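Heads up, the thing below is written out as structure tokens.
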2 protein chains.
Amino acid sequence: MSKPINDSTYWRDFERNDITHSAAHYLMAIDALRDEYGYARVTDVAEMLEVSRGAASMSISQLKKRGWVTEDAHRFLLLTEDGRCMAQLVEQNFRILGKFFEEVLGVSPDTALSDACKMEHLMSLETGRRLVWLMRYILSDESRAAKIHDVMACFRPGCESAEHCPLCEGGQCLTAPEGDCEFHRRHQRKPGGVNS
Amino acid sequence: MSKPINDSTYWRDFERNDITHSAAHYLMAIDALRDEYGYARVTDVAEMLEVSRGAASMSISQLKKRGWVTEDAHRFLLLTEDGRCMAQLVEQNFRILGKFFEEVLGVSPDTALSDACKMEHLMSLETGRRLVWLMRYILSDESRAAKIHDVMACFRPGCESAEHCPLCEGGQCLTAPEGDCEFHRRHQRKPGGVNS
DNA sequence: AACATAAGTTCATCATGATGAACAAAGAGA
DNA sequence: TCTCTTTGTTCATCATGATGAACTTATGTT
């Protein structure tokens, strides 16, 4: 935790990310449609994502330019090798994060899925793989899993900052003293927390 | 894991998020500058974030409209109560995620910080608090922490999918068979994984 | 062949968040 | 006071990702 949070070498990484949230979902929609129906057309993608045909058409033509999407012999949309790998990386991240939030942290399903969906395209391969490794360790042993579930079942909003926090460093606590301000209380009631 | 990944009730949550990545960093910059120098001006924020003064001016005026930023008696920028809470929520999320990635998962510091910075404004309050709770459990006991560190030290890229994965469900494995495709091998070498 | 429907593209428009240039206003020094 | 610098705002411009309307191009059907 050396560099400051606003260090420009980090904070601009967000916009330099390999794939946008939107692009990831176009790729995954094509993948899902081919799995389910055997083919994917611009209109099918638009329908699945509930965007206009125009938006789907323009986004998909960008994905073609980036080499992630082509057409098969019947002119149906097809992911390239790179496109499929990218789609599967994001899908894996979604499953990993969703499962971790829901089954390890005990987050409510709605919030777990919403959080996972927002973060899916931003988690690096390394972090995702290590998270799987940790979950395998935690969940592969029955008594260990049960213990974690017991611990997480004891969680109540605010309780994580009730006692002296062993995670504090340099005077900054992971759970800031403002954790129970009016603003947080308001947002806490809404599923999704940060979401409106 | 009931709803499909492309369900529009979820996939559009990303753009409906309470705060954008950029807005979060403007708030945190104002907070940090006031902590460090006692005041924050548009120019200082622009300098810290390495954006143009024009960009900072326009973004900050949006934050004023949203009620997150005002000016103090000396016309210096000031976070409102809501603005400070929002900034601290994002900062907490950054510290929580960064610490989790680095100290629990054993992710390399660069990747851990980059991932945490990208995801900081997207993790809900509930998920963040529960993650703190889990980390307190894991790290508060020496032998438990040591065991986790041992387990994570054994991690090698790809090893998480080497044996039968106990996390599989509905035929879909968290670690897809394509986890070791050419595409992933290429990206694995770059710090940040998904990043370019 | 003619017409209707479906599929796909393009265009004007909007919002966000950036740039750099032009401009206005406030302070500091000779 | 006059001038120069700093500070802050506004503007034209760009890129992305969306909308809806208009348009073109199949693909059927009678």
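Labels below follow one simple rule: chain letters A, B, ... track the order of the sequence lines, proteins then strands, and each chain is numbered from 1. Treat the numbers as computed from the prediction; the structure is a model and nothing was measured.
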| Just checking A:Thr43: base, sugar-phosphate only, or nothing, at a heavy-atom cut-off of under 4.0 Å? | sugar-phosphate

| message | Nearest whole Å is fine: how far is C:dG8 P from A:Leu77 CG? | response | 7 Å

| query | Between A:Lys147 and A:Asp150, is there a salt bridge with N-O shorter than 4.0 Å? | reply | no

| Residues B:Arg53, B:Glu47: salt bridge by 4.0 Å N-O rule | no

| query | Salt bridge or not for B:Arg66 and B:Asp18, using N-O below 4.0 Å? | reply | no

| Could A:Glu120 and A:Arg95 be called an ion pair, given the rule that one side-chain N must be under 4.0 Å from one carboxylate O? | no

| query | Over how many whole Å does the gap from B:Arg75 atom CZ to C:dA26 atom C1' extend? | reply | 11 Å

| request: Could you tell me the separation between the CD1 atom of B:Ile60 and the P atom of D:dG8, rounded to a whole number of Å? | output: 9 Å

| task | Determine, for B:Asp13 against B:Arg16, whether the closest basic-nitrogen to carboxylate-oxygen distance falls under 4.0 angstrom. | result | yes

Expected rows: protein N/O vs nucleotides 14-23 of chain D N/O, under 3.5 Å:
residue : atom : partner : partner atom : Å
D:dG17  : OP1  : A:Thr20 : OG1          : 3.1
D:dA18  : OP1  : A:Ser22 : OG           : 3.3
D:dA18  : OP2  : A:Ser22 : OG           : 3.3
D:dA18  : OP2  : A:Tyr26 : OH           : 3.3
D:dA18  : OP2  : A:Ser59 : OG           : 3.2
D:dT19  : OP1  : B:Arg12 : NH2          : 3.4
D:dT19  : OP2  : A:Ser52 : N            : 2.9
D:dT19  : OP2  : A:Ser52 : OG           : 3.0

| Can you check the A:Ile30 CD1 to C:dG8 C1' distance for me, whole Å? | 14 Å

| request: Whole angstrom is fine here: how far is it from NE2 in A:His74 over to P in D:dA26? | output: 18 Å

| Could you state the CG-C1' distance from A:Leu63 to C:dT9, rounded to the nearest angstrom? | 16 Å

| request: Using a strict cut-off of less than 4.0 Å between a Lys/Arg side-chain nitrogen and an Asp/Glu carboxylate oxygen, indicate whether B:Glu81 and B:Arg84 qualify as a salt bridge. | output: yes

